[in-house]
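All residue numbers in this chain count up from 1 along the given sequence. Just so you know, these numbers come straight off a predicted model, no measurement behind them.
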Amino acid sequence: MRKLILSIIFLAMLFTACDSRENQVLKGFSNCEEYYSDGFQDYTDYCKYYYSKKEDEKFAESHYYSIVTKENIDNIKKYFNEFPSELMEDSSMYDFDFTKITEGDYYNIKEDSNDDNYSVYLYDSDEHVLYYIHYNR
């Protein structure tokens, strides 16, 4: 019986590995890659969700996302630049390229009021990839 329960728990974890984070990860991605640290207090997440071009319209229509403009590119880059990838189990997996942040992409930034935690979602409309980073201090 114990093995059956453990098997069910394992399968549930397997099927939800690429599940959406709240509502910002829009349905329709075909694949995802997730990398994280295993800390109690300080931890990080870095994920990539792969979409097809036909899914671009979902980001344009979503009330969760704003369009990237010249005025906010530097602010968005700041989060990706300061992201403490060294906390991840394999920091070499953090392969984000800052040149991917361009006008016409879509983003969502969620910050804790005391700046201890943040989540950033960036949809690269050229590559059709949603990048997600989260840092909890």
Q: Taking the side chain from His134 and the backbone from Val120, do they hold a donor-acceptor pair closer than 3.5 Å?
A: no
Q: Rounded to the nearest 0.5 Å, what's the gap from OG on Ser66 to CG on Asn108? Could you check?
A: 7.0 Å
Q: Report yes if some heavy atom in the side chain of Tyr132 is under 4.5 Å from a heavy atom in the side chain of Tyr49; otherwise report no.
A: yes
Q: At what distance, to the nearest 0.5 angstrom, does CE of Met93 lie from CD of Glu34?
A: 12.5 Å
Q: So which heavy atom on Asp56 is nearest to which on His128, and how close?
A: OD1-ND1, 2.9 Å
Q: For Ser52, enumerate each residue passing the side-chain hydrogen bond (donor to acceptor under 3.5 Å, both in side chains) test, keeping only those at least two apart in sequence or located in another chain.
A: none
Q: Let me have the donor-acceptor pairs involving side chains of residues 72-83, under 3.5 Å, with sequence neighbours excluded, atom names and distances please.
A:
unit_1	atom_1	unit_2	atom_2	d
Asn72	OD1	Thr69	N	2.8
Asn72	ND2	Thr69	OG1	3.4
Asn72	ND2	Tyr107	OH	3.2
Tyr79	OH	Glu111	OE1	3.3
Tyr79	OH	Glu111	OE2	3.0

Q: To the nearest 0.5 Å, what is the distance between OH (Tyr35) and NZ (Lys48)?
A: 5.0 Å
Q: Report, as yes or no, whether the 6.0 Å neighbourhood of atom CD on Glu86 holds more than 12 heavy atoms from other residues, nucleotides or ligands.
A: yes
Q: Does the side chain to side chain donor-acceptor pair (under 3.5 Å) test come out yes or no for Glu33 and Tyr50, once each step is laid out?
A: CA-CA 9 Å; Glu33 297 174 24; Tyr50 298 91; 2.7 Å; yes
Q: Which atom pair, heavy atoms only, marks the closest approach of Ser125 to Gly104?
A: OG-O, 3.5 Å
Q: Please step through side chain to side chain contact (heavy atoms under 4.5 Å, CB included) for the pair Tyr46 and Asp95, ending with a clear verdict.
A: CA-CA 10 Å; Tyr46 172 56; Asp95 58 355; 2.6 Å; yes
Q: Tell me whether the centres of the aromatic rings in Tyr106 and Tyr65 are closer together than 6.0 Å.
A: no
Q: Would a 4.5 Å heavy-atom cut-off, applied to side chains only, mark Leu122 and Phe96 as touching?
A: yes
Q: My understanding is that only one of Tyr131, Tyr51, Tyr64 makes a ring pair (Phe, Tyr, Trp, His ring centres under 6.0 Å) with Tyr123; could you say which?
A: Tyr51
Q: Testing the basics here: between Asp105 and Asp126, what is the closest heavy-atom pair and its distance to 0.1 Å?
A: OD1-N, 4.4 Å
Q: Measure across Lys27 and Lys58 and return the closest heavy-atom pair with its distance rounded to 0.1 Å.
A: O-NZ, 2.9 Å
Q: Which atom names give the shortest non-hydrogen contact between Leu130 and Gln24, and what distance separates them?
A: CD2-O, 3.9 Å
